Amino acid sequence: MSPSASLKATAVVPGVGYAPAVWVCPRPELPHEGEPIAGGDVDAEVERFRAAATAVSERLAARAGRAEGNAAEVLLATSKLTLDRGWHRAAVKNIKSGISAESATVAAIEKFVEMFKAAGGVMAERTTDLEDIRDRVIAELRGENEPGLPAVTVPSVLLADDLSPADTATLDPALFVAMVTELGGPTSHTAIIARQLGVPCAVAAGAGLRAIEEGSMTLVDGAKGLITVDPDPEVADAAVAEAARMAEKIAAWSGPGRTADGVSVQLLANVGDGNAARIAAEGDAEGIGLFRTELCFLSAATEPTVENQADIYASVLKAFPDSKIVLRTLDAGSDKPLAFANLDHEDNPALGVRGLRISRSSSGLMERQLDAIALAGEKAGRGEGAPTWVMAPMVATLEEAEWFAGLCRERGLTPGAMIEIPAAALMSHDLMKVLDFVSIGTNDLTQYAMAADRLSPHLAYLTDPWQPAVLRLIDMTCKSGRDTGTPVGVCGEAAADPLLACVLVGLGVNSLSAAATALPGVGAQLAEVTAQQCADAARVALDASDADGARAAVRELFGLE
Ligand code: PEP
Ligand code: MG
């Protein structure tokens, strides 16, 4: 790429990183089936295989030693699986039949992938780990760089076509000062994890990213989605210094959320289990705005009992004993299938039987979950001052909202709904007559408003919650909220974008829920602007003709170049 060339990507995590670029090493090409052993020495080939697997396992174990928590566990488990006797026996048997260590590895892993898939549940989830091990062993056998995250020793800007969740989960934010992917969207795994880690990030940079050579000094502005290669060092240093000043403001900020003129905006956390809730409680979160209950059961083969569910929900409720908590009922289906609830096959699962539709079509599933939520409230000893709100995902009609609200009220629960289908935004006034609150799921609302798959690596320009069409649906929902006196929150990824958060507040959103790590950035930005400036930002964003135009108009209004 020519000096000082810039590339535009989709902005995801604000912040600036300036460092040499490193590329995630590509996956190796797989060998042909049944490739013979070069030279024909079977014993030497078995030895070569064992040495390669041991080297890979040791490297993973060493990385586990440097990692913490979940990441360390993932790496250690993969390190052990690399030396698993079962697949090694199969590989050695293949080598003894005369095929190369590379081909033997592929065949042995393939056999175990099939077995793991047939076993289902947690085992089935480990097939990607097996394929990862296969690629690492093959690269080692060939003397190529290990695929996945490069082992860097100095701060670097990470470039990739896309990242696997495992790679992103083990990424050390001290060594990777920014990341950019060629593919991926603002709600992809890469984006969600980058946000949790607080690493400046831009996605969907397109094929132009490939032109950035390893080692080129690269400046990434995660707020603008701008990547500049070999920038003027003075300009780059100034951008880093400015970002550091903002980081200082973020570090100095403490909740609760409010604008510069003191208008309060509740800042809540999105969580998936008790552990995440406890971590959120240690930070600035004023409560939980989205507990994605389905994430607790992704590997459950059968429906957990009411008692089991209640224990899990109680672990989240206990993390915020005196604060608001919003639980979402199972949002199974599409990108989050549950073995005990999903239909076997659907041609178009994002538009299929998912969310509320699944809970309704599986006899008693919703009722049992609501019983468990009510029981969890008792177990956690929640009283008057600690509202427990329950919302249903994927509500499209008034009749669905009435059905859900009825079930909640029978159990003394406060009913609400996600506004994540355009129909729900259009009908929000009617829905609010039977519901006590709504929370806008901007990830799906954008997907459905723009008819663009949120998982598509090619449609990031459409799956962008700054799209004025999406903002207009939010505006409509907020107007309904004002008319009916119903609280309106946002719990999609849009709430994690500090500038967009100002727009949302200007539109009339009362609470924002995001990854706990994103809250200080949002809070610090809100503290810089008045409610009137937020309203002005909302107006210019609504009037823009596309997502980039909306962003640029708000930046200009706030005097950000
Ligand atoms: C959303 O759609 O914005 C949302 C918060 O729900 P999820 O991302 O879990 O679909
Ligand atoms: Mg959703």
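Counting convention: from 1, in listed order, for ligands and their atoms alike. In this chain, residues are counted from 1 in sequence order. Computed from heavy atoms alone, side chains included, the values below leave out hydrogens, waters and symmetry copies. Since we're looking at a predicted model, the values are computed, not measured.
- Under the 4.0 angstrom criterion for non-hydrogen atoms, Gln447 is not in contact with ligand 1.
- Between the CZ atom in Phe558 and the CD atom in Gln533 there is a gap of 6.0 Å [rounded to 0.5 Å].
- The atoms of ligand 1 that sit less than 4.0 Å from any heavy atom of Cys491 are 5 (C).
- Judged as a salt bridge (charged side-chain N to carboxylate O under 4.0 Å, His left out), the pairs with a partner in residues 435-448 (not counting sequence neighbours) are, in order, Arg354-Asp444, Arg409-Asp436, Asp444-Arg454.
- Contacts with ligand 1 closer than 4.0 Å are made by no heavy atom of Ile440, backbone or side chain.
- Here the closest heavy-atom approach between residue Val16 and residue Pro200 is recorded as N-CG, 3.9 Å.
- Those atoms of ligand 1 with a heavy atom of Gly492 less than 4.0 angstrom away are 3 (O), 5 (C).
- Under 4.0 Å is where a charged nitrogen must lie from a carboxylate oxygen, and between Glu528 and Lys249 at least one such pair does.
- Residue-level proximity to ligand 1 for Arg454 is carried by the side chain, the only part with a heavy atom below 4.0 angstrom.
- In this structure, Lys8 and Leu226 approach most closely via the heavy-atom pair CD-CD1, 4.0 Å.
- The nearest heavy-atom contact from the protein to atom 6 (O) of ligand 1 is Arg328 NH1, 2.9 Å.
- Salt bridge status for Lys479 with Asp483: absent, with no side-chain N to carboxylate O gap under 4.0 Å.
- If you look at Leu445 next to ligand 1, there are no close heavy atoms at all, none under 4.0 Å.
- Here's the thing with Glu294: none of its N/O atoms is less than 3.5 angstrom from an N/O atom of ligand 1.
- Look at Arg382 and Asp322 and you find no salt bridge, because none of the NZ, NE, NH1 or NH2 atoms lies under 4.0 Å from a carboxylate O.
- Close approach of ligand 1 to Leu290 is summarised as follows: ligand atoms under 4.0 Å from at least one heavy atom of the residue are 5 (C).
- At a 3.5 angstrom cut-off on N or O pairs, Asn443 counts as close to ligand 1.
- Numbered from 1 in the order shown, with element, the atoms of ligand 1 that lie under 4.0 Å from a heavy atom of Met418 read 4 (C), 5 (C), 6 (O).
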